Every structure is written in C-alpha cells, then in structure tokens.
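Input: a single structure, listed below in structure tokens.
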Number of protein chains: 2
Amino acid sequence: MSTDTRTSAGSGADAGTASLSIAEAADRLGLSTHALRYYETEGLLVGAPARTPAGRRRYDEQDLRWIVLVQRLRATGMPVREVREYARLCREGAGNEQQRLALLRAHRERVLAQLAEVSGHLGAVTAKIELYEGTVGTVGDR
Amino acid sequence: MSTDTRTSAGSGADAGTASLSIAEAADRLGLSTHALRYYETEGLLVGAPARTPAGRRRYDEQDLRWIVLVQRLRATGMPVREVREYARLCREGAGNEQQRLALLRAHRERVLAQLAEVSGHLGAVTAKIELYEGTVGTVGDR
DNA sequence: GGTTGACTTCGAGCGCGCTCGAAGTCGGAG
DNA sequence: CTCCGACTTCGAGCGCGCTCGAAGTCAACC
C-alpha cells in the first residue's frame with residue numbers, strides 16, 4: 001500500500017529506460033532492500049546504481065539484469081566472495097575474458113558435480129520411500 | 001600414522017560385526033569425530049552407539065548405516081532439525097510409518113524442485129559461458 | 001510550514017552447522 | 001609403574017549470508 005503512483009518518476013520517466021527506486025527494484029527482484037544494499041557494499045555489483053541528486057539509488061535495466069545474474073550465480077551456490085571476484089573482473093573491462101570464462105566454467109563443473117551427487121543421494125532416499133510404501137506394515141527397518 | 005594395529009580390537013574383534021571406535025567410524029564416514037558426537041547429542045541418531053566399559057563409543061554396522069542415511073539426507077539439504085524429527089519417529093518404533101513416509105516424500109519434492117531450479121539457472125550460466133566463448137572468438141577453444 | 005514516509009548509513013544480531021580447544025580420564029605398551 | 005595418546009564432556013567460536021533496528025535526511029504533498 002502506497003508504493004503506487006510516482007513509480008518511475010525521478011528524472012525522465014518516459015519510454016524505454018525505467019529507473020526504479022530501491023524498493024521497486026527489490027520488489028521486482030524478489031530481494032529485500034537490505035539485501036540490495038548489502039550486495040552493493042559487498043562489491044557484487046559491476047557498477048553502483050545511479051543516484052538522484054538527493055542521494056537515492058536508481059536502478060536501471062542494466063543494473064537489474066546484472067543483479068539477476070548475481071541471483072542465478074548465488075542460487076547455484078556460488079559463494080559471495082566468488083561473485084565479487086567475477087564482478088571485479090567485469091568491472092575491470094576488457095582483457096580478462098579468459099579469466100571470467102574460467103571462473104564460470106569452474107562454477108558450472110562444480111554445480112554439475114553437485115547435481116549428480118544430490119541426484120544420487122535422492123535416489124537412495126527414494127528407494128527408502130519405496131521400501132516404506134511396500135512395507136507399511138512391517139516394522140523391522142531402520 | 002598410528003591409527004593402525006588395534007583397529008577393531010575392543011571386545012570381540014572377530015568375524016561379521018566390526019564395531020569401530022569413533023575415530024575409525026569418522027574416518028570411514030568422512031566425518032570428524034566432533035561431527036559424529038554432534039550428531040549424537042543433537043538427536044540425529046536413531047540409537048546411541050554402544051559404549052565400552054570405559055565409556056568409549058563403539059559403532060556397529062547398524063549405526064554406520066543409519067549415519068550414512070543421515071549424511072544422504074543432509075547432503076540433499078534436509079535441515080538438521082528435520083533429520084532429528086525423522087530420527088525421533090524411527091526411534092519411537094512402529095505406528096508412524098505414514099508420518100515418516102510423508103516427511104521423506106516432502107523432502108523429495110523439495111529436492112526435485114530445487115534440482116529443477118538450479119538446472120534452470122545453470123542453463124543461463126551456460127548460455128553466458130557460450131556467449132563468452134563466441135565473443136572471445138576461437139581463442140583457445142580446443 | 002508541517003507531516004509523512006521512503007530513503008540513507010551504520011553496526012549489531014541471528015540461524016545454521018559444525019569446529020575447535022581445554023581439561024580431564026583411561027587402557028595398553030614398554 | 002609410568003607414559004602416551006585416543007578418548008571423554010563442555011562450552012565457546014566461527015564462517016556465511018543476510019536481517020534488523022536505530023537515527024537521521026530529504027522530497028513531496030496538503
């Protein structure tokens with residue numbers, strides 16, 4: 001309630017480039033405003049969002065897209081420290097594409113390995129479930 | 001070096017039932033002795049391991065099998081508190097098989113959902129990688 | 001001009017799952 | 001008998017990733 005009207009006011013407020021307040025951005029990304037500021041101070045963003053003359057953050061599409069990537073990396077288990085490293089590489093501009101690539105590839109390998117491991121364990125749990133389904137009358141399991 | 005000889009000494013030390021010291025069990029399970037005791041005090045074990053007259057823990061095959069299950073549950077992301085709950089149900093004996101089943105099924109559903117989510121995010125990361133591979137243009141490639 | 005309330009910074013606190021260290025006990029080898 | 005080292009319990013500490021609250025500022029609306 002009340003986060004209404006004046007949505008993308010600020011400066012331009014016209015076609016194309018939206019520019020959201022932190023609350024709007026948080027809402028759209030499914031994060032808290034606290035988390036968004038945390039990401040920023042922790043150096044997870046490739047570039048800090050713009051500020052209004054009064055010092056308030058404005059998130060544009062580019063900011064949002066980057067944060068979505070950060071969320072994906074985080075959601076796949078990349079530690080904050082490594083996201084920071086990746087962000088740093090991107091911030092430094094061209095010339096380190098190989099490093100970025102290596103970082104992402106290493107991450108992908110880890111995630112694949114973990115997916116396989118979890119799947120394996122899940123298989124065992126499923127077997128256990130089926131055992132119960134078949135045995136829901138027999139006591140001696142454990 | 002020195003966790004040698006006297007491996008499964010203790011009492012019997014014969015065929016079939018081994019009965020390991022905490023260090024041996026930890027070693028075999030890939031856990032620390034600290035973690036093993038922690039699991040026990042936190043109620044994650046369905047039954048406490050036996051003790052020697054001197055009060056030292058002896059892990060038998062049943063203990064080990066249970067702990068392997070605990071590890072699988074943990075490795076698939078089940079919170080300690082929920083493992084404790086499951087252990088409690090098993091400890092209470094017969095009559096609650098449906099509850100155990102429900103717990104395991106719910107866990108499986110969560111894990112499947114998370115596997116799907118992670119896979120999705122990983123797909124996006126892979127796309128990013130391929131983008132770099134294309135951009136970097138035939139550099140190392142292989 | 002006053003009120004409102006979303007914003008700002010800062011630092012403390014928290015939930016999780018162990019991990020670590022201290023201090024003491026005890027069984028077995030020499 | 002003595003020593004060694006693996007065991008015991010206990011409680012504190014830690015790394016991670018936020019989360020939360022306090023205190024203050026400032027733009028906009030009435």
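Below, chains carry the letters A, B, ... as their sequence lines are ordered, and counting in each starts from 1. On a predicted model such as this, the values are computed, not experimentally measured, just so you know.
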Scan residues 67-79 of chain B against DNA chain C and write down, sorted by residue number, each residue with any heavy atom closer than 4.0 Å; if none is found, say none.
-> B:Arg74, B:Pro79
How many Å lie between OH on A:Tyr38 and P on D:dC18, as a whole number?
-> 6 Å
C:dC20 P sits how many Å from B:Leu31 CG, rounded?
-> 14 Å
Measure from CD1 on B:Ile22 to C1' on C:dT19 and round the result to the nearest Å.
-> 14 Å
Toward the 5' end of DNA chain D, which comes first, A:Leu44 or A:Arg56, by nearest nucleotide?
-> A:Leu44
Looking at A:Tyr39, does any N or O in its side chain come under 4.0 Å of the phosphate oxygens OP1/OP2 on D:dG17?
-> no
Whole angstrom is fine here: how far is it from CD in B:Glu42 over to P in C:dC18?
-> 10 Å
B:His121 and A:Ala75 have their tightest heavy-atom pair at CD2-CB, 3.5 Å
So what does B:Thr41 touch, heavy atoms closer than 4.0 Å: a base, only the sugar-phosphate, or nothing?
-> nothing
Does B:Val80 or B:Pro53 map to a spot on DNA chain C nearer the 5' end, using the closest nucleotide for each?
-> B:Val80
Approximate separation, where rounding is to 0.5 Å, of A:Leu103 CG and A:Met78 CE | 5.0 Å
Parallel, tilted or perpendicular, as decided by the 30° and 60° cut-offs, for the rings of B:Tyr86 and A:Tyr132 = perpendicular
Separation of D:dG15 atom C1' from A:Arg84 atom CZ, nearest Å, is 13 Å
Which whole-number value in Å describes the distance from B:Arg58 CZ to C:dG27 P?
-> 13 Å
Round to a whole Å and report the spacing from CG of A:Leu36 to P of C:dC7.
-> 11 Å
Quick one: list whatever passes salt bridge (Lys or Arg N to Asp or Glu O under 4.0 Å) with B:Arg108, sequence neighbours left out.
-> none
Report yes if some heavy atom in the side chain of A:Arg57 is under 4.5 Å from a heavy atom in the side chain of A:Arg51; otherwise report no.
-> yes
Look at all strands and tell whether B:Thr33 reaches a base, only sugar-phosphate, or nothing, counting heavy atoms closer than 4.0 Å.
-> nothing
A:Ala35 side chain: which of C:dC18, D:dC18, D:dG5 is closest?
-> D:dC18
Show me the protein contacts with nucleotides 9-13 of chain D, counting only N or O atoms at under 3.5 Å.
{"from": "D:dT9", "atom 1": "OP1", "to": "B:Arg51", "atom 2": "NH1", "distance (Å)": "3.4"}
{"from": "D:dT9", "atom 1": "OP1", "to": "B:Arg51", "atom 2": "NH2", "distance (Å)": "3.2"}
{"from": "D:dT9", "atom 1": "OP2", "to": "B:Arg57", "atom 2": "NH1", "distance (Å)": "3.0"}
{"from": "D:dT9", "atom 1": "OP2", "to": "B:Arg57", "atom 2": "NH2", "distance (Å)": "2.7"}

Quick one: closest heavy-atom pair of B:Val70 and B:Leu44, and the distance?
-> CG2-O, 3.7 Å
Is A:Ser21 near enough to C:dC7 that one of its side-chain N or O atoms lies under 4.0 angstrom from OP1 or OP2?
-> yes
